[in-house]
Amino acid sequence: MQSFAPVQLETKGSAKKQKDAFMQENDSITRAEETAAQEKMSAVIALRLFRPPLRAVVNVHEGKPVRLKCLHEKEIAGEIVWTAGPWRSSGDWSEQEGWSREEWDIALPLENEVILYRLVEDKLSRNWWLEGTYD
């Protein structure tokens, strides 16, 4: 795949540049640089959603989840060793049933590895759900 970059054109008969006159010109990216950039972009993490989300019981300390027990999958349980969040969102307040939630990314140890999950608290019902796992 060739890479191109926009280059501003000059008007005929003068060195003055037109405001919106551009053309595509091959930039100087080498094939090796392009391959290296594609390899960097291939390191993607994906969130695999549980359908339906899995109900969980969560212990909270100082506003952060610290322990989890999944009610549907017994092996998903234990001390939370890492958290990121919360990310708060809400909506539909003009409707009969609004929603409000906090999302956390968490890590649970499992044997010799650490598994990353998306944990969600429904702020209206105060229920916790495991929404998915990261690859």
Side-chain angles (χ1 to χ4, degrees):
M1 180 170 86
Q2 269 191 323
S3 299
F4 291 90
V7 176
Q8 194 167 28
L9 297 176
E10 293 182 2
T11 59
K12 292 181 182 178
S14 77
K16 197 181 207 182
K17 295 182 178 181
Q18 289 181 326
K19 180 181 171 188
D20 295 324
F22 289 89
M23 69 174 217
Q24 295 291 339
E25 184 176 275
N26 190 350
D27 64 13
S28 60
I29 294 177
T30 66
R31 180 63 94 191
E33 290 171 325
E34 186 175 330
T35 302
Q38 287 175 348
E39 287 174 3
K40 285 182 183 179
M41 289 188 295
S42 68
V44 176
I45 189 166
L47 175 62
R48 295 194 186 268
L49 297 177
F50 299 135
R51 292 290 186 217
L54 306 176
R55 181 82 169 86
V57 175
V58 176
N59 294 6
V60 177
H61 180 70
E62 296 181 357
K64 291 176 71 171
V66 294
R67 189 162 201 71
L68 174 132
K69 179 180 178 185
C70 180
L71 300 179
H72 300 282
E73 302 285 337
K74 295 189 189 302
E75 67 273 1
I76 303 176
E79 179 184 350
I80 297 170
V81 296
W82 173 84
T83 63
W87 296 282
R88 296 178 176 105
S89 58
S90 62
D92 288 337
W93 293 111
S94 61
E95 301 297 321
Q96 185 71 18
E97 295 184 27
W99 56 272
S100 179
R101 61 191 268 155
E102 284 188 356
E103 299 178 10
W104 297 82
D105 287 342
I106 63 166
L108 289 176
L110 178 67
E111 297 175 11
N112 294 334
E113 60 183 340
V114 175
I115 309 293
L116 300 176
Y117 294 98
R118 170 65 52 94
L119 180 65
V120 176
E121 180 187 14
D122 181 322
K123 298 303 282 182
L124 301 178
S125 69
R126 307 304 285 185
N127 290 326
W128 288 87
W129 305 90
L130 278 171
E131 197 167 65
T133 185
Y134 288 96
D135 286 346

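Since the model is a prediction, treat every value here as computed from it, not as a measurement.
- Separating the CG atom in Leu49 from the OG1 atom in Thr133 is a distance of 10.5 Å, to the nearest 0.5 Å.
- With sequence neighbours left out, Trp87 forms a side-chain contact (heavy atoms from CB on, under 4.5 Å) with Ala84, Glu103, Asp105.
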message: Run Trp99 and Asp122 through side-chain contact (heavy atoms from CB on, under 4.5 Å) and show every step you take.
response: CA-CA 8 Å; Trp99 56 272; Asp122 181 322; over 6 Å; no

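- For the atom pair CD (Glu131) and CZ (Phe50), the distance works out to 10.0 Å, reported to the nearest 0.5 Å.
- Nearest heavy-atom pair, Lys74 versus Ala77, reported as atom, atom and distance to 0.1 Å: O-CB, 3.8 Å.
- Trp104 is connected to Ile80 through a chain of hydrophobic side-chain contacts under 4.5 Å among Ile, Leu, Val, Met, Phe, Trp and Tyr, so both are in one cluster.
- The two residues Leu124 and Gly98 come nearest to each other via the heavy atoms CD1-O, 3.2 Å.
- For Lys123, the side-chain contact (heavy atoms from CB on, under 4.5 Å) partners two or more places apart in sequence, or in a different chain, are Ser100, Glu102, Glu121, Arg126.
- Residues Tyr134 and Leu130 are members of separate hydrophobic clusters, defined by side-chain heavy-atom contacts under 4.5 angstrom among Ile, Leu, Val, Met, Phe, Trp and Tyr.
- Shown here for Gly132 and Leu47, the closest heavy-atom pair between the two residues is C-CD1, 3.8 Å.
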Can I get a per-line list of side-chain donor-acceptor pairs under 3.5 Å for residues 52-64, giving both atom names and the distance, sequence neighbours left out?
unit_1	atom_1	unit_2	atom_2	d
Arg55	NH1	Trp128	O	3.3
Arg55	NH2	Asn127	OD1	2.9
Lys64	NZ	Thr83	OG1	3.3

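- Residues passing the side-chain contact (heavy atoms from CB on, under 4.5 Å) test with Asp135, sequence neighbours excluded: Ala46, Arg48.
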Give every donor-acceptor pair under 3.5 Å between a side-chain atom in residues 108-116 and any protein atom, sequence neighbours left out.
none

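- Counting only heavy atoms from C-beta outward, the side chains of Leu68 and Tyr117 never approach each other to under 4.5 Å.
- Under the 4.5 Å side-chain heavy-atom criterion for grouping Ile, Leu, Val, Met, Phe, Trp and Tyr, Ile76 is connected to Ile106 within one hydrophobic cluster.
- Residues satisfying the side-chain contact (heavy atoms from CB on, under 4.5 Å) criterion with Glu79, sequence neighbours excluded, are Arg67.
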